[in-house]
Engineer: 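Take this structure, written in structure tokens, and hold onto it; I'll ask about it next.
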Amino acid sequence: MKFDGKVALITGAAGGIGKEAARLFKENGARLVLVDLNEEALKNMVDELELKDFLLIPADVTKEEDVKNYTKLAVEKYGKVDVFFNNAGIVGDFAEITEVTSEDFNKIIDINLKGVFYGLKHVLRVMKEQKSGCIVNTSSVAGLGGSPSLGPYAATKHAVNGLTKTAAVEVAGEGIRVNAICPSPVDTALMRDLDEVKSPEDSSKARGAYEQKIPLKRYATPTEIAELVLFLCSEQSSFMTGGAYLIDGGYTATY
Ligand SMILES: NC(=O)c1ccc[n+]([C@@H]2O[C@H](COP(=O)([O-])OP(=O)(O)OC[C@H]3O[C@@H](n4cnc5c(N)ncnc54)[C@H](O)[C@@H]3O)[C@@H](O)[C@H]2O)c1
């Protein structure tokens, strides 16, 4: 198995993409450190994924102390962190820039940007000491272009790409690779909730309209995204670092 004996730390682990990544890493032999704000959803994963070798850590990625603590607990239990999927995120309110509240702007920055930054800061310290590791940060197609009515979200995802490239260059000589993934819509709660906000009377209308703009005519599955994460953390991608990899069914190829 590709990740036999490896330790994979995942944030947003109880969400659609995080949980699927946890399942695939587990199936490939990894030991899991699962971090999420939603403690109940984390606990439900134990039976759902038939987890055996794992650590559950309820934590808020917006708090540097929590991030320091999840890193410390991972090292205390397993002595290392081989893989870090820095993935927790929210989409925020659906509103044009003129209507965005400071509260929503700050909330999104705290989770999507500061959370990713704190994760990089503390996990990279461990990886630099062990002189090895692979990191994948979750960005979005919104990290590559404008996203009407999702301005703060787009800003955080552009920032994640900037942090990814900077970190990759800083640690390239130390056996550590850092990449970002940029998915178009994925069939998870995040996207389903957004579709409901866009068309409250019938969310399938919003979804259908978006799917029409994607050449493959559908949302990605969480499995398709998780497969890319595993590839970027495997030996098969040993020359890949500092990239922001599109996984978008051709969405951004249309323009
Ligand atoms: N679903 C999509 O269409 C899509 C597309 C591109 C990028 N993304 C990105 O993928 C990542 C995962 O999203 P998802 O689709 O799985 O959404 P999701 O809502 O299913 O999962 C997100 C998880 O993050 C957790 N979380 C939220 N705030 C947190 C905090 N402060 N501390 C710790 N955990 C917290 C939630 O509890 C949840 O389990 C996000 O960064 C999102 O921006 C999603």
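Side-chain atoms are counted along with the backbone in the values below, which use heavy atoms only and exclude waters and symmetry mates. First listed ligand is number 1; within each ligand, the first listed atom is number 1.
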Engineer: Would you check whether A14 reaches within less than 4.0 Å of ligand 1, judged by its heavy atoms?
Structural biologist: yes
Engineer: Quick one: does V186 get an N or O within less than 3.5 Å of an N or O on ligand 1?
Structural biologist: yes
Engineer: Does either side chain, that of T138 or that of N87, offer a donor lying less than 3.5 Å from an acceptor on the other one?
Structural biologist: yes
Engineer: Here's a test for you: under side chain to side chain contact (heavy atoms under 4.5 Å, CB included), which of D193, T156, I111 qualifies with I90?
Structural biologist: I111
Engineer: Are E196 and R192 close enough for a salt bridge, meaning some N to O gap below 4.0 Å?
Structural biologist: no
Engineer: Could you identify the single nearest non-hydrogen protein atom to atom 24 (O) of ligand 1 and state the distance to 0.1 Å?
Structural biologist: G12 CA, 3.5 Å
Engineer: Tell me: protein heavy atom nearest atom 17 (O) of ligand 1, and distance?
Structural biologist: L190 CB, 3.4 Å
Engineer: Starting from atom 10 (O) of ligand 1, find the nearest protein heavy-atom neighbour and note its residue, name and distance.
Structural biologist: T138 CG2, 3.2 Å
Engineer: Applying side-chain contact (heavy atoms from CB on, under 4.5 Å) to L49 and R23, what does each step give before you reach the verdict?
Structural biologist: CA-CA 6 Å; L49 303 191; R23 190 179 68 77; 4.0 Å; yes
Engineer: Locate the shortest heavy-atom distance separating G18 from F85; write the atom from each residue and the value.
Structural biologist: CA-CE2, 4.4 Å
Engineer: Is the closest N or O pair between D36 and ligand 1 shorter than 3.5 Å?
Structural biologist: yes
Engineer: Below 4.0 angstrom from a heavy atom of M191, which ligand 1 atoms are there? Numbered from 1 as shown, please.
Structural biologist: 3 (O)
Engineer: Can you tell me which residue and heavy atom of the protein come closest to atom 27 (C) of ligand 1, and the distance to 0.1 Å?
Structural biologist: I90 CG2, 4.1 Å
Engineer: With a 4.0 Å heavy-atom cut-off (strictly under), which part of A41 contacts ligand 1: side chain, backbone, both or neither?
Structural biologist: neither
Engineer: Can you tell me if K19 contacts ligand 1 (heavy atom of the residue under 4.0 Å from the ligand)?
Structural biologist: no
Engineer: Looking only at distances, can you tell me whether any N or O atom of D60, backbone or side chain, sits closer than 3.5 Å to an N or O atom of ligand 1?
Structural biologist: yes
Engineer: Could you find the nearest protein heavy atom to atom 20 (O) of ligand 1 and give me its residue, atom name and distance?
Structural biologist: G16 N, 2.8 Å
Engineer: Backbone N or O of E96 within a donor-acceptor pair of the E99 side chain at under 3.5 Å?
Structural biologist: no
Engineer: For atom 28 (N) of ligand 1, tell me which residue out of I111, N137, I17 has the closest non-hydrogen atom.
Structural biologist: I111
Engineer: Considering distance alone, does some N or O of N112 sit under 3.5 Å from an N or O of ligand 1?
Structural biologist: no
Engineer: Which atoms of ligand 1 sit under 4.0 Å from any heavy atom of P185?
Structural biologist: 3 (O)
Engineer: How far apart are the closest heavy atoms of S139 and V160, and which atoms are they?
Structural biologist: CB-CG1, 4.1 Å
Engineer: Working to the nearest 0.5 angstrom, can you tell me the gap between L34 CG and F25 CZ?
Structural biologist: 11.0 Å
Engineer: How does C182 reach ligand 1, by side chain, by backbone, by both or by neither, if only non-hydrogen atoms under 4.0 Å count?
Structural biologist: neither
Engineer: Measure from the ring center of Y210 to the ring center of Y251 and say whether it is less than 6.0 Å.
Structural biologist: yes
Engineer: Are any of the N/O atoms on G15, whether in the backbone or the side chain, positioned under 3.5 angstrom from an N/O atom of ligand 1?
Structural biologist: yes
Engineer: Thinking salt bridges, do E40 and K43 make one under a 4.0 Å N-O criterion?
Structural biologist: no
Engineer: List the closest protein heavy-atom neighbour of atom 15 (O) of ligand 1: residue, atom name, distance to the nearest 0.1 Å.
Structural biologist: T188 OG1, 2.6 Å
Engineer: Looking only at distances, please establish whether an N/O atom of ligand 1 is found under 3.5 Å from an N/O atom of L37.
Structural biologist: yes
Engineer: Mark up the atoms of ligand 1 that fall under 4.0 Å of a heavy atom belonging to S140, in ascending order.
Structural biologist: 6 (C), 7 (C)
Engineer: Distance to 0.1 Å, residue and atom name: give those for the protein heavy atom nearest to atom 42 (C) of ligand 1.
Structural biologist: Y153 OH, 3.6 Å
Engineer: Under 3.5 Å, N or O to N or O, is P183 touching ligand 1 that way?
Structural biologist: no
Engineer: Indicate, with yes or no, if I10 and I57 share a hydrophobic cluster defined by side-chain heavy-atom contacts under 4.5 Å among Ile, Leu, Val, Met, Phe, Trp and Tyr.
Structural biologist: no
Engineer: Quick one: closest heavy-atom pair of C134 and L232, and the distance?
Structural biologist: SG-O, 4.1 Å
Engineer: Heavy-atom contact under 4.0 Å between S139 and ligand 1?
Structural biologist: yes
Engineer: Do the charged groups of D187 and R207 touch, with an N to O distance under 4.0 Å?
Structural biologist: yes
Engineer: Between the side chains of Y78 and D53, does any donor sit under 3.5 Å from an acceptor?
Structural biologist: yes
Engineer: Who gets closest to atom 11 (C) of ligand 1 by heavy atom: N87, D248, T11, V61?
Structural biologist: N87
Engineer: With heavy atoms only and a cut-off of under 4.0 Å, state how Y219 meets ligand 1: side chain, backbone, both or neither.
Structural biologist: neither
Engineer: So, T188 side chain and I17 main chain: donor-acceptor pair closer than 3.5 Å or not?
Structural biologist: no
Engineer: For atom 5 (C) of ligand 1, what is the closest protein heavy atom, and at what distance to 0.1 Å?
Structural biologist: S184 O, 3.5 Å
Engineer: Given that the side chain starts at C-beta and the backbone is N, CA, C, O, which of these parts of A59 lies under 4.0 Å from ligand 1, counting heavy atoms, or is it both or neither?
Structural biologist: backbone
Engineer: For the residue pair R177 and S237, confirm or rule out a side-chain donor-acceptor distance under 3.5 Å.
Structural biologist: yes
